[in-house]
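For reference, the structure is listed below as structure tokens.
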There are 2 protein chains.
Amino acid sequence: MATSTVENYLKEILVITLDDEISKVPMGQIAKVLGVTPGTATSMAKSLERDGWVRYFPRVGVSLTRKGRKLAMNMLRRHRLLETFLVETLGFDWDEIHVEAEELEHAISEKVLEKLDDFLGRPRFDPHGDPIPSKGGMIQQIASKPLSDFEKDTNLRIESIIDQNKEFLRFARKAKLIPGQLFKIIGKEVCADSITLKTSRGKLVNLGFRSAEKVLALPYES
Amino acid sequence: MATSTVENYLKEILVITLDDEISKVPMGQIAKVLGVTPGTATSMAKSLERDGWVRYFPRVGVSLTRKGRKLAMNMLRRHRLLETFLVETLGFDWDEIHVEAEELEHAISEKVLEKLDDFLGRPRFDPHGDPIPSKGGMIQQIASKPLSDFEKDTNLRIESIIDQNKEFLRFARKAKLIPGQLFKIIGKEVCADSITLKTSRGKLVNLGFRSAEKVLALPYES
DNA sequence: TCTATAATTTTGACTAATCAAAATCTTTTT
DNA sequence: AAAAAGATTTTGATTAGTCAAAATTATAGA
């Protein structure tokens, strides 16, 4: 059985791998995200390799083995399901949940996790809009991205609304923010945390970034 | 901050103290419930004393300091609230929850715990009928007694089941012998070592004295 | 009281995880 | 290409928690 330290290392290695699209994660980066000294990360890399979680390339970095990736995916699943629970069920705000989930993910058993998944209605995305890996470690591959990721003047088509919140869904429907609908981003003010969209019929919609993150879209060639 | 090992030691010391009504818990007993060797318990006792959690009396045992008792009570609160959540919200059976709560209780933050408490409606008893200590570490004292202590024709309400034995818990659940349930003693044969109960709906249950001692109840004015 | 048994403590050793600081490679700059 | 800067690894040490087995102390029985 992996200790929770091991679980943390593997999870972070996975996240970096996915984010940066690299195969070997350098030690320094691992040390930084985990808040340990580089020396610690190196010695940990050796233990992880000894136990078959990663391959270690001295002076280059580590990559997950199949076994390591499986465990890491499972940690991501735990983390994101727990975040969903904290927001949906207990009413936490987005900015508080990461730290809490970080602790709980090591303590929750497979059994409790599955019951929780049922209870939540088997959500496929967490409150941040990130995909929740399936039980088998598969991650929902989506080409669509949150509205907030697109630049000004992009034409796009709404693909899905992540948030299950009733209020938001009501608002979205009213604003024609529904799958299939075509929009153009006519304004994006990062510092004001605001995005303005225009429908093909000229209707305007303003969204804060928090809301814009809940709306997934695909670019659309007009 | 206390490690989860420390939390476990303190919680078990508290539970033994409450159950056996003793003030100094001998090392051997601690070692047994925690599944460690006696030597480990002894060396741990010294660390616990060094950090002000317990007083250690060589060759006699340990007792909790005020600080230690406070933490231990808090652990009991966590444990019992989590058990309640697992049963009430996620639909677990009685016999599965102890182990799960045992892990989660170390990972759940005060913040999440309070939200959970709200969500559950601030319950005062856990699914076994044991009192959930308040935030301040106060425990609800109830004068429930074993079924076998009551006389014929008494109306009573089940408060808790002492035994954690799986078979017995399963049987108890089936027979509606669960906290909150109302019964009347309609038969008691001391010489035959037998007690007969009737639910408010007329269902009959027979118990031997040995089992009747495991079920705590309070008299109930009908 | 003296001995056998039970409980507790000591001792020496081990693993996981960490740090600080020195040593060693790599990469970049001049 | 040499020097400087940056990243990585080594080395030596520390802490928490644990075990096995020997040593010590209590307790109970004859």
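Residue numbering restarts at 1 for every chain, and letters A, B, ... go by the order of the sequence lines.
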### Query
Among C/dT18, D/dA16, D/dT9, which is the nearest nucleotide to the side chain of A/Val36?
C/dT18
With a 3.5 Å cut-off and sequence neighbours excluded, list the donor-acceptor pairs that the side chains of residues 11-27 of chain A form with protein atoms.
unit_1  : atom_1 : unit_2   : atom_2 : d
A/Lys11 : NZ     : A/Glu102 : OE1    : 3.2
A/Lys11 : NZ     : A/Glu102 : OE2    : 3.2
A/Lys11 : NZ     : A/Glu105 : OE1    : 3.4
A/Lys11 : NZ     : A/Glu105 : OE2    : 2.7
A/Thr17 : OG1    : A/Ile13  : O      : 2.6
A/Asp20 : OD2    : A/Gln29  : NE2    : 3.0

### Message
According to salt bridge (Lys or Arg N to Asp or Glu O under 4.0 Å), who are the partners of A/Asp51, at least two apart in sequence or on a separate chain?
### Response
none
### Query
Between A/Phe119 and B/Phe119, what is the ring plane arrangement, given parallel below 30°, perpendicular above 60°, and tilted in between?
perpendicular
Is there any protein nitrogen or oxygen under 3.5 Å from a nitrogen or oxygen in nucleotides 20-29 of chain D, and what are the pairs?
unit_1 : atom_1 : unit_2  : atom_2 : d
D/dT24 : O2     : B/Arg59 : NH2    : 3.4

### Touch class at under 4.0 angstrom, heavy-atom based, for B/Ser43 against every strand present
base
### Summary
Only one of B/Arg80, B/Arg122, B/Arg124 passes salt bridge (Lys or Arg N to Asp or Glu O under 4.0 Å) with B/Asp117, and that residue is B/Arg122
#### Entry: Protein-nucleotide distance (A/Lys24, atom NZ; C/dT26, atom P), rounded to Å
14 Å
### Message
The side chain of A/Met44 is closest to which nucleotide in this list: D/dT8, C/dT9, C/dA17?
### Response
C/dA17
### Message
Taking only side-chain N and O atoms of B/Tyr56, does any of them lie within less than 4.0 angstrom of OP1 or OP2 on C/dT9?
### Response
yes
### Message
Taking 4.0 Å as the cut-off, does a side-chain nitrogen or oxygen of A/Thr5 come that near to OP1 or OP2 on C/dA16?
### Response
no
#### Entry: Close side-chain approach of A/Phe168 to A/Val215, heavy-atom, < 4.5 Å
yes
### Proximity to the side chain of A/Lys46 - top-ranked nucleotide from D/dT10, C/dT8, D/dT8
D/dT10
### Query
Counting only side-chain N and O atoms of A/Tyr9, is one of them less than 4.0 Å from OP1 or OP2 of C/dA16?
no
### Task
Can you figure out which of D/dA16, C/dT9, C/dA17 approaches the side chain of A/Val6 most closely?
C/dA17
